[in-house]
Amino acid sequence: MRTILAAEHARHRPEQEFSRGRFVPAFEGPQRVDSIVEALRDAQLGPIEAPEEFPLEPILRIHGPAYVDFLERAHRDWVALGRSGDAYPVAWAIRGLRNDRVPQSLDGQLSHYSFDFASPITAGTWVAARSAANAALTGARLVGSGAEPVVFGLCRPPGHHAASDYFGGYCYLNNAAVAAQSLLDEGMERVAVLDVDYHHGNGTQSIFYRSREVLFVSIHADPATDYPYFLGYADETGEAEGEGCNLNLPLARGTDWSRWGAALDRACQATTAFGAQAIVVSLGLDTFRSDPLSSFQLDSADYLKIGARIARLARPTLFLLEGGYAVRELGLNAVNVLRGFEGG
Ligand code: SP5
Ligand code: ZN
C-alpha cells in the first residue's frame with residue numbers, strides 16, 4: 001500500500017495547549033508522524049511518497065476564499081503586530097452575538113474563524129495544512145482513477161473538525177472533505193466518509209450536511225460528555241437534499257470493542273446501502289485504550305479488525321489520518337488498520 005506524506009507537515013509545530021487547567025506540551029505534534037513512519041518501515045508496508053502539487057481550486061471547493069486568505073496570512077499579520085509565538089483567538093460569537101461581520105482586527109478575525117482554544121496558528125500552519133490537503137488530493141487521484149485500490153494519506157495537521165470557514169480541534173483544512181469532493185468532481189456520484197476518530201467529525205458533517213452525494217457516517221464519543229460537545233448527536237440526519245445522508249453513532253464513555261465493533265458494522269451497512277463508489281476513512285486512532293484524550297478501550301489488535309471490516313466493503317478506499325495521541329503505540333495501531341485491510 002502506498003503512503004502519501006508531505007515533509008512540510010513538520011512546519012506545523014504548536015508549542016503548547018491548555019488542558020485540564022494547565023498549559024502542557026501540545027498533543028498534536030510532528031512526533032505523531034514519526035511514530036507512524038517508523039512502524040510503516042518496520043512492517044515493510046510499502047513506499048512512502050511525497051504528494052503532488054495541486055492548485056488552490058480543489059481546496060476552494062470546500063473552504064471559503066476569505067477563510068483561506070486568512071489562514072495564509074494570519075501568522076504574518078501576528079508577527080507584524082510585534083508578537084511572537086503561536087497565534088490564538090480571544091473570544092467567540094455565541095448566542096445572540098453578531099457573527100455576520102468579519103472583524104477588521106487580527107484578534108477579531110482569529111476569533112471569527114475558530115471555535116476553540118486548542119488550535120493555534122503557527123508560523124508554518126498554512127504550509128503544513130496545505131501540504132496535508134495535497135496528500136489527501138494525491139490519494140484521491142490514485143484511488144479515484146483506479147491506479148490503486150487503497151492509499152494511506154498520512155495527513156498532518158488533521159482535518160475533520162475544520163468546517164468551510166472555521167478551524168478548531170487541531171484542524172485547519174478538512175482533508176477528508178477536500179478528497180471526497182475531488183472524487184465527485186472527477187466523476188463519481190456517491191462517496192462515503194467513514195469517520196472512526198474518537199471525536200465527532202463536526203467539520204465534515206457540516207460541510208456535507210445538505211448533500212446527497214456524500215454519506216457522512218461517524219462513530220464517536222457522545223457529545224453530551226466529550227469534545228466537540230456541540231455536534232454529533234444521533235438525531236442529526238442531514239438536511240434538505242441531504243436528509244438521510246448523515247449517520248451519527250455516538251457511544252458512551254468506556255466503550256470497548258464489543259460495542260465499538262457493532263457500531264462499525266452498522267456504519268458499514270449504511271455505506272453499502274448508500275451505494276458509495278469510494279470510501280474516505282477519517283482514520284482517528286484516539287479510540288485506543290491509553291490515548292490521553294480518549295475514554296474508549298480499543299486494543300492494538302482491534303485495529304486489525306477495523307481494517308478487515310472496511311476491506312469487506314470492497315470499494316476504492318482512501319485512509320486519511322485524523323487524531324491519535326498515544327504516540328508510542330500510534331504507529332503500530334495505524335499499521336494494524338492497514339494490514340487488516342490488506343489481509344481482509
Ligand atoms: C483531530 C482530533 O482528534 N482533535 C481532538 C481535539 C480535542 N481537543 C480537546 C480535547 C479535550 C479533552 N479533555 C481531556 C479529557 C481526557 N479524558
Ligand atoms: Zn480525535
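Just follow the structure's listing: the first ligand is 1, and inside any ligand the first atom is 1.
- The pair Asp302-Arg309 does not count as a salt bridge, with every side-chain nitrogen at least 4.0 angstrom from each carboxylate oxygen.
- The shortest N or O to N or O distance between Asp286 and ligand 1 is below 3.5 Å.
- Counting protein heavy atoms only, atom 7 (C) of ligand 1 is closest to Tyr227 CD2, 3.7 Å.
- With a cut-off of 2.8 Å, the Zn ion (ligand 2) has no N, O or S atom of His160 in range.
- Between Arg210 and Glu239 there is a salt bridge, since at least one side-chain N of the basic residue sits less than 4.0 Å from a carboxylate O of the acidic one.
- Exactly one of Arg253, His199, His220 qualifies for a side chain to side chain donor-acceptor pair (under 3.5 Å) with Asp226. That residue is Arg253.
- Annotation: atom 17 (N) of ligand 1 to nearest protein heavy atom, Arg20 NH2, 3.5 Å.
- No N or O atom of Ala118 sits closer than 3.5 Å to an N or O atom of ligand 1.
- At least one heavy atom of His160 sits closer than 4.0 Å to an atom of ligand 1.
- Scanning Phe18, Tyr325, Tyr198 for the heavy atom closest to atom 3 (O) of ligand 1 points to Tyr325.
- The pair Arg156-Glu28 meets the salt-bridge criterion, since a charged nitrogen lies less than 4.0 angstrom from a carboxylate oxygen.
- For a threshold of 3.5 Å applied to N or O pairs, the pair formed by Glu322 and ligand 1 contains no separation below that value.
- Pairs engaging residues 123-133 under the side chain to side chain donor-acceptor pair (under 3.5 Å) rule: His12-Thr125, Thr122-Thr125 [sequence neighbours left out].
- Counting only heavy atoms of the protein, atom 12 (C) of ligand 1 lies nearest to Leu293 CD2, 4.3 Å.
- Within ligand 1, counting atoms from 1 as listed, the ones closer than 4.0 Å to a heavy atom of Pro292 are 16 (C).
- The protein non-hydrogen atom at the shortest distance from atom 8 (N) of ligand 1 is Tyr170 OH, 3.8 Å.
- Restricting Asp197 to its N/O/S atoms, the shortest distance to the Zn ion (ligand 2) is reached by OD1.
- Evaluation of the ring pair (Phe, Tyr, Trp, His ring centres under 6.0 Å) test over residues 138-159, restricted to residues two or more places apart or in two chains, returns none.
- Residue contact check: Asp197 has heavy atoms under 4.0 Å from atoms 3 (O) of ligand 1.
- Residues Ile121 and Tyr172 form a side-chain contact, since some pair of their non-hydrogen atoms from C-beta on lies under 4.5 Å apart.
- For Arg266, the CZ atom sits in a loose shell: 12 or fewer heavy atoms of surrounding residues, nucleotides or ligands are nearer than 6.0 Å.
- Using 4.0 Å as the threshold, Gly169 has a heavy atom nearer than that to some atom of ligand 1.
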(message) Pair Phe18, Val24 - check side chain to side chain contact (heavy atoms under 4.5 Å, CB included), show working.
(response) CA-CA 6 Å; Phe18 195 64; Val24 301; over 6 Å; no
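- Checked against the Zn ion (ligand 2), the N, O or S atom of His199 at the shortest distance is ND1.
- Considering just the N/O/S atoms of Asp286, the one nearest the Zn ion (ligand 2) carries the name OD2.
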